[in-house]
**Student:** 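Structure provided below as structure tokens; questions to follow.
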Protein chains: 2
Amino acid sequence: MDVDTRLLRYFTAIAEEGNLTRAAQRLFVSQPALTKQLKHLESHLGVRLFTRSSTGMTLTEAGRALAARVPALLGAWDEAAAETRTAARVLRVGFLSSAANEATQDIVAAFRERRQGWRVDMRQAPWSDPTAGLAGAEVPVALLRLPFSGQESFGVRSLFREPRCVALSCTHPLAGRAEIAFTELLDEPVVAAPGGDGVWRDHWLAMSEREGREVRVGAVTEQPDEFLSAIAHGYGIALVPASAARFYARPGVVYRPVTGVSPSEAGVAWHRDADEAVTDFVRCCLALARAGAEV
Amino acid sequence: MDVDTRLLRYFTAIAEEGNLTRAAQRLFVSQPALTKQLKHLESHLGVRLFTRSSTGMTLTEAGRALAARVPALLGAWDEAAAETRTAARVLRVGFLSSAANEATQDIVAAFRERRQGWRVDMRQAPWSDPTAGLAGAEVPVALLRLPFSGQESFGVRSLFREPRCVALSCTHPLAGRAEIAFTELLDEPVVAAPGGDGVWRDHWLAMSEREGREVRVGAVTEQPDEFLSAIAHGYGIALVPASAARFYARPGVVYRPVTGVSPSEAGVAWHRDADEAVTDFVRCCLALARAGAEV
DNA sequence: CCACGTCCATTCCGCCAGGTTATGGCGACG
DNA sequence: CGTCGCCATAACCTGGCGGAATGGACGTGG
């Protein structure tokens, strides 16, 4: 009777992968769940969309007809949603923990100054999505950390750089040191972000500074509070922006400067086909980035 | 995260009614269910779509923007589904119990002759939907009984007429009679179809032949088997097409000719914007209607 | 020819979204 | 000021979704 966008995304994933198992892991669901959903779609349409074989799934004539239509359907929905939000004078902004630091409030204030009567709806994203909702079209613009994979398909501007430091438990042997060389940390277990995103994860694990040394993952966390408690429990250490010392001070957690790792870069990213409000927001970001960089 | 067509239909119903309670009964759900679903949609979009008051719901600016888009979205989906079915060489045909009688098989055969390699997918509709799925766009074409309300918005052709007779329990006092006058039946309880469709229901209750006499409804049924068992149990009598005697003979149920009621008219109806396969099917119906009428 | 790997289907189970009924709060209206 | 209509909330129930484990069909390599 009813079809939702999820079903359509499932369908395209299967079509593109040509393989249920792989499509399932790409969508982060189990293979039986996909089987079942696909059956629903097929019985809803009364049509077989794929021919199954032991080598995989291939689209039928009907499946190809549907596949040709689905992107337009999903696009039309995203567009309608974006237009609705615009009409409500609400700008939804994704962000990653403290992505833009102290500048965030100023950016929002500047935007509300520029667009009287608008509201800014800040949505914090989990670290499993370094695009902060941009990739899933949940937000048209986001404050985040660079680089992230898939960056090329969005508009991206750098806002400022800041050094990275290390977060460790106050009980850690190195906690008393004023400064730590990254080479001293190569064998420490780390508290990492989940997910498979390559560039971004590599940056925070400082893969390029490890020269091939293995990473031992002591814990995986999605959100700041989980992260802090993992650090405090001594499950591992982690590289964080220097500003974390101001934003995430907590008993049991200390932050120490680190030498030998590249700085972190904060940025703003947006969907290419976004509306005027988004470009206004980006302008505000850029205007305030200089001020923020000096903090 | 995901939106389905149901949510959009709910939304338009609320927008059109301007009143949750009425929209709820139009959609055959409870009012709290609508409240909850609407909240989901609003929080998904991060936008208030209606302003609530004790006089009802009125669209906000954002709500109007969405309302302007939704028909196109739903239409695009229906279109994509129709095209997919066409590509699969499947024609889905809605029908109402024995709508086209013996002709049905011949029509299907003729269609398969005309369109080599096509399959016809017959979907039986419940009597709560006299359009046999046409109104909900579940099928592009249907075999049904005329008249039904909303008829003007579809293509409609009459196929044949046949007399109506009365179905009654074999224990009924009149069961032994060879023929019955409708005036003798005015005080009998009847087994009726559910739902509010005016013209169609009135026709089967023979409202215009009752001259204002009240109808007593003894039972309401959705499907032939329910109907037959209701008749057999003596919950009431009912007018049926004369052909029912052939299609629905059953122990405990007798069919008797009735005088004083208009005949029943079988027809084919289709969506105006349907594709070639549908018009082919309609042609087959018309070609075989004459043959069927003589049976 | 068999043993194994791959891929899709099936089964069973826990859980949540979406439904229902009952009830509360609030403004409009007589 | 009582009453009615309308929407929100609470408590509860159930069907469907998703997960883990398993089965079955097919191809492939030793």
Side-chain angles (χ1 to χ4, degrees), chain A residues 1-60 62-63 67 126 128 136 138 194-196 220 222, chain B residues 1-60 62-63 67 126 128 136 194 222:
Chain A
M1 184 67 195
D2 287 294
V3 176
D4 65 10
T5 54
R6 179 174 38 95
L7 220 55
L8 298 182
R9 289 186 289 103
Y10 282 9
F11 168 74
T12 42
I14 301 173
E16 284 172 17
E17 294 288 343
N19 178 314
L20 267 190
T21 314
R22 273 199 302 278
Q25 54 205 38
R26 171 169 139 188
L27 294 165
F28 303 106
V29 296
S30 69
Q31 171 260 317
L34 265 195
T35 301
K36 208 189 289 185
Q37 290 305 315
L38 178 58
K39 283 199 170 169
H40 281 175
L41 184 57
E42 286 183 329
S43 84
H44 172 79
L45 291 168
V47 152
R48 208 151 182 74
L49 295 170
F50 293 91
T51 56
R52 280 83 159 158
S53 76
S54 63
T55 70
M57 321 273 289
T58 58
L59 286 168
T60 61
S128 54
E138 293 137 40
V220 171
E222 275 278 12
Chain B
M1 182 67 194
D2 287 294
V3 176
D4 65 10
T5 54
R6 179 174 37 95
L7 221 54
L8 298 182
R9 288 187 292 100
Y10 282 11
F11 169 74
T12 42
I14 301 173
E16 284 172 17
E17 294 288 344
N19 178 315
L20 267 190
T21 313
R22 274 200 302 276
Q25 55 204 38
R26 170 169 140 188
L27 294 166
F28 302 106
V29 296
S30 68
Q31 169 260 317
L34 266 194
T35 301
K36 207 193 286 187
Q37 290 304 316
L38 177 58
K39 283 199 170 170
H40 281 175
L41 184 57
E42 287 183 328
S43 84
H44 172 79
L45 291 167
V47 153
R48 208 151 182 75
L49 296 169
F50 293 91
T51 56
R52 280 82 160 158
S53 76
S54 63
T55 70
M57 320 272 290
T58 57
L59 286 167
T60 60
S128 53
E222 276 278 12

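Each chain gets a letter, A, B and so on, in the order the sequences are listed, and its residues count up from 1. Treat the numbers as computed from the prediction; the structure is a model and nothing was measured.
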**Student:** Give every residue pair that meets the salt bridge (charged side-chain N to carboxylate O under 4.0 Å, His left out) criterion with at least one member in residues 29-38 of chain A, sequence neighbours excluded.
**Tutor:** none
**Student:** Can you pull the contact range of chain B along DNA chain C, 5' to 3', using atoms under 4.0 angstrom from its heavy atoms?
**Tutor:** C:dG18 to C:dA28
**Student:** Between B:Lys39 (NZ) and D:dA10 (P), how many Å, whole number?
**Tutor:** 9 Å
**Student:** Check side chain to side chain donor-acceptor pair (under 3.5 Å) between A:Gln37 and all other residues, then give those that pass, not counting sequence neighbours.
**Tutor:** none
**Student:** Sequence neighbours excluded, which residues qualify as side-chain contact (heavy atoms from CB on, under 4.5 Å) partners of B:Pro32?
**Tutor:** B:Ser30
**Student:** What is the distance, to the nearest angstrom, from the CZ atom on B:Arg48 to the C1' atom on D:dA8?
**Tutor:** 11 Å
**Student:** All N/O contacts under 3.5 Å from nucleotides 18-23 of chain D to the protein, with atom names and distances to one decimal?
**Tutor:**
residue, atom, partner, partner atom, Å
D:dG18, OP1, A:Arg6, NH1, 3.1
D:dG18, OP1, A:Tyr10, OH, 3.3
D:dG18, OP2, A:Gln37, NE2, 2.9
D:dG18, N7, A:Lys36, NZ, 3.1
D:dG18, O6, A:Lys36, NZ, 3.2
D:dG19, OP2, A:Ser30, N, 2.6
D:dG19, OP2, A:Ser30, OG, 3.1

**Student:** Would you please name every residue forming a side chain to side chain donor-acceptor pair (under 3.5 Å) with B:Thr21, sequence neighbours left out?
**Tutor:** none
**Student:** Give the rounded distance in Å between these two atoms: CD of B:Glu17 and P of D:dC7.
**Tutor:** 11 Å
**Student:** Check whether any side-chain heavy atom of B:Leu7 sits under 4.5 Å from a side-chain heavy atom of B:His44, and report yes or no.
**Tutor:** no
**Student:** In chain order, what residues pass the side-chain contact (heavy atoms from CB on, under 4.5 Å) check against B:Ser53, with sequence neighbours excluded?
**Tutor:** B:Thr55
**Student:** Would one find a side-chain N or O of A:His40 under 4.0 angstrom from OP1 or OP2 of D:dG16?
**Tutor:** no
**Student:** Going by the rule side chain to side chain donor-acceptor pair (under 3.5 Å), which residues pair with B:Thr60 if we only count those two or more places apart in sequence or in a different chain?
**Tutor:** none
**Student:** How would you list, by chain and number, every residue that makes a side chain to side chain donor-acceptor pair (under 3.5 Å) with B:Gln25, sequence neighbours excluded?
**Tutor:** none
**Student:** By the ring-ring contact (aromatic ring centres under 6.0 Å, His included) test, which pairs, at least two apart or in different chains, include something from residues 14-35 of chain B?
**Tutor:** none
**Student:** Pull out every protein N or O sitting under 3.5 Å from an N or O of nucleotides 2-6 of chain D, one pair per line with the distance.
**Tutor:**
residue, atom, partner, partner atom, Å
D:dC6, OP1, B:Asn19, ND2, 3.3

**Student:** Show me the pairs that pass ring-ring contact (aromatic ring centres under 6.0 Å, His included) and involve residues 2-27 of chain B, at least two apart or across chains.
**Tutor:** B:Phe11-B:Phe50
